[in-house]
Q: 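The structure's right below; bear with me while I get my questions together.
Just so it is clear, the model here is predicted, and its values are computed rather than measured.
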Amino acid sequence: MDLLFPFKWIISLVLVGWHSLFSLFLDPDAGITWVLAIMGVTVVVRAALIPIFVKQIKSQRNMLAAQPELAKLQKKYKGKTDRDSREKMAKEQMEIYKRTGSNPLSSCLPLLIQMPIFSALFFTVSDAQKDHVVGLLDTKLAQSLSHASLFDAPLKETFFGALGHIQGSSKEALIDGANYTNVLVIAAIMIVTMTVSQFITQKQILAKNQNPEVQNSQYMQTQKIMLWILPIVFLISGTSFAIGIMFYWLASNIWTMGQQYVVIRNMPTPGSIAHKQREERLAAKGKLPKKDAPAIEEAVETPRQRVQPVGKSRAKKTTKN
């Protein structure tokens, strides 16, 4: 049973829909038409993930707010390696996560959700190369996608695949109407662009949207490691991705960069550089909300009448009356 079949069917539906739209004014068999259709899939997927992204941002903020408590907890159990201490620490740590509504894996959530979608797109394109029907992607459209090229570089080709064609042939790079030198150039540019955009996106968060007080926390150390790991993953895995597939990831990274810019600019983490910059912008426009003044008696307050104490003799006289 193909577990990806529901995802592949949905992807084919969206892909064919965008392809039909762009075919109204572009050549249906042209590579640019299919590239735009693939990027259209990215737009639909990322738009659908906006609620998940908002939840991710909230969870990350809560995670930062929980860092002081987590630091105290680590200090409390520092040097204690026995099983009982480890279990107590893990339990208390989970209680902090639950109470603050934070999740240490929140930064990876959108990426994990996208993996089945990306895999479905990967196998949909792969099946199209074999003229296999997938959902609404019928035989005619599958053949069109399979033979589509951009600057004589087939969208189905990969960096390593083109390298193998060139090394295994004594002829020029133009083989069977496909320019594999162009494939190498386009794939290399795509891989580098994907890697750099991923790095910039992560760096953007660490440089501007983090509170300096938690820079040395375990959470921040993990984020700094991820800053380098994810781009390296893109750099290595990208050599095995078809050019058409790489357009999905590139469009996704560009979307993420734009989305992060909007969030960091308008909803920055309190105490971060971005938060100070936002307050400066609001102050320049006169829109910075005034802080509540302490509850002190106002100068214009109406003077209160002093209550005269009642003497004992006067109190007795009043009682008799």
Q: Could you tell me if the side chain of Asp152 sits less than 4.5 Å from the side chain of Val183, heavy atoms only?
A: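 No, too far: nothing below the 4.5 Å cut-off.
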Q: Taking atom types as modelled and ignoring hydrogens, do the side chains of Trp34 and Ser144 form a donor-acceptor contact shorter than 3.5 angstrom?
A: yes
Q: Which residues pass the side-chain contact (heavy atoms from CB on, under 4.5 Å) test with Ser20, sequence neighbours left out?
A: Val16
Q: Leu150: what forms a side-chain contact (heavy atoms from CB on, under 4.5 Å) with it, not counting sequence neighbours?
A: Ile32, Val35, Leu155, Phe247
Q: Go through the structure and list residues passing side chain to side chain donor-acceptor pair (under 3.5 Å) with Asn253, not counting sequence neighbours.
A: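 So Asn253 forms a side chain to side chain donor-acceptor pair (under 3.5 Å) with Ser197.
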Q: Please work out which of the three classes, parallel, tilted or perpendicular, describes the rings of Trp18 and Phe22, given edges at 30° and 60°.
A: parallel
Q: For side-chain contact (heavy atoms from CB on, under 4.5 Å), just list the numbers for Asp29 and His147, CA-CA rounded to whole Å, side-chain angles, deciding distance to a tenth of an Å, and then say yes or no.
A: CA-CA 8 Å; Asp29 297 324; His147 295 92; over 6 Å; no
Q: Cluster question for you: counting only ILVMFWY and a side-chain heavy-atom cut-off of under 4.5 Å, with indirect links fine, are Ile50 and Val262 together?
A: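 No; tracing contacts between hydrophobic side chains, which count when under 4.5 Å, never links both residues.
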Q: Identify, with sequence neighbours excluded, every residue that meets salt bridge (charged side-chain N to carboxylate O under 4.0 Å, His left out) alongside Lys80.
A: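 Not a single residue meets the salt bridge (charged side-chain N to carboxylate O under 4.0 Å, His left out) criterion with Lys80.
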Q: Taking atom CZ of Phe160 and atom CG of Leu184, what is their separation to the nearest 0.5 Å?
A: 10.5 Å
Q: Residues in salt bridge (charged side-chain N to carboxylate O under 4.0 Å, His left out) with Arg99, at least two apart?
A: Glu69
Q: Quick one: closest heavy-atom pair of Leu137 and Leu141, and the distance?
A: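 So the minimum-distance heavy-atom pair works out to CD1-CB, 3.7 Å.
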Q: Name the one of Val44, Ile11, Ile10 that satisfies side chain to side chain contact (heavy atoms under 4.5 Å, CB included) with Ile117?
A: Ile11
Q: Does Asp82 form a side chain to side chain donor-acceptor pair (under 3.5 Å) with Ser85? I'd like the steps, not just the answer.
A: CA-CA 6 Å; Asp82 59 286; Ser85 296; 2.7 Å; yes
Q: Can you give each donor-acceptor pair under 3.5 Å made by side-chain atoms of residues 225-241, sequence neighbours left out, with the distance rounded to 0.1 Å?
A:
unit_1, atom_1, unit_2, atom_2, d
Ser237, OG, Val233, O, 2.6
Thr239, OG1, Ile236, O, 2.7

Q: Search all heavy atoms of Lys156 against all heavy atoms of Ser146 and return the closest pair with its distance.
A: CD-O, 3.3 Å
Q: Does Glu87 form a salt bridge (charged side-chain N to carboxylate O under 4.0 Å, His left out) with Lys91? I'd like the steps, not just the answer.
A: CA-CA 6 Å; Glu87 290 180 352; Lys91 184 178 179 180; over 6 Å; no
Q: Could you tell me which residues satisfy salt bridge (charged side-chain N to carboxylate O under 4.0 Å, His left out) with Asp84, sequence neighbours excluded, listed by chain and number?
A: Lys88
Q: I need the Leu145 CG to Lys140 NZ distance, nearest 0.5 Å.
A: 14.5 Å
Q: To the nearest 0.5 Å, what is the distance between CE on Met246 and OG on Ser252?
A: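 Nearest 0.5 Å value for the CE-OG distance: 14.5 Å.
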Q: Name all residues meeting the salt bridge (charged side-chain N to carboxylate O under 4.0 Å, His left out) criterion together with Glu92; count only those two or more places apart in sequence or in a different chain, and write none if there are none.
A: Lys76
Q: With ILVMFWY side chains joined below 4.5 Å, transitively, what does Val192's cluster contain besides itself?
A: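 Val196, Ile200, Met257, which link up through side-chain heavy atoms under 4.5 Å apart, make up the rest of the cluster.
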Q: Working to the nearest 0.5 angstrom, can you tell me the gap between Gln198 CD and Trp249 CH2?
A: 8.0 Å
Q: When rounded to the nearest 0.5 angstrom, what is the spacing between CG in Leu73 and NZ in Lys78?
A: 14.0 Å
Q: Minimum heavy-atom separation for Ala242 and Thr158, please, with both atom names.
A: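 Of all heavy-atom pairs spanning Ala242 and Thr158, the closest is N-CG2, 3.6 Å.
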Q: Heavy atoms, side chains only, cut-off 4.5 Å: are Asn179 and Phe151 in contact?
A: no
Q: Taking all atoms of both residues into account, what is the closest heavy-atom pair of Ile243 and Ala153, and its distance?
A: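 That would be CD1-CB, 4.2 Å.
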Q: Running the 4.5 Å side-chain criterion over Ile, Leu, Val, Met, Phe, Trp and Tyr, what cluster does Val185 land in, apart from itself?
A: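 In the cluster with Val185 are Ile189.
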Q: For residues 256-265, pull every pair meeting side-chain hydrogen bond (donor to acceptor under 3.5 Å, both in side chains), keeping only residues two or more places apart or in separate chains.
A: Arg46-Thr256, Trp255-Gln259
Q: For Ser23, which residues count as a side-chain contact (heavy atoms from CB on, under 4.5 Å) partner, sequence neighbours excluded?
A: His19, Pro28, Thr33
Q: Rounded to the nearest 0.5 Å, how far apart are CG of Asn182 and CD of Glu157?
A: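 Going from the CG atom of Asn182 to the CD atom of Glu157 covers 12.5 Å.
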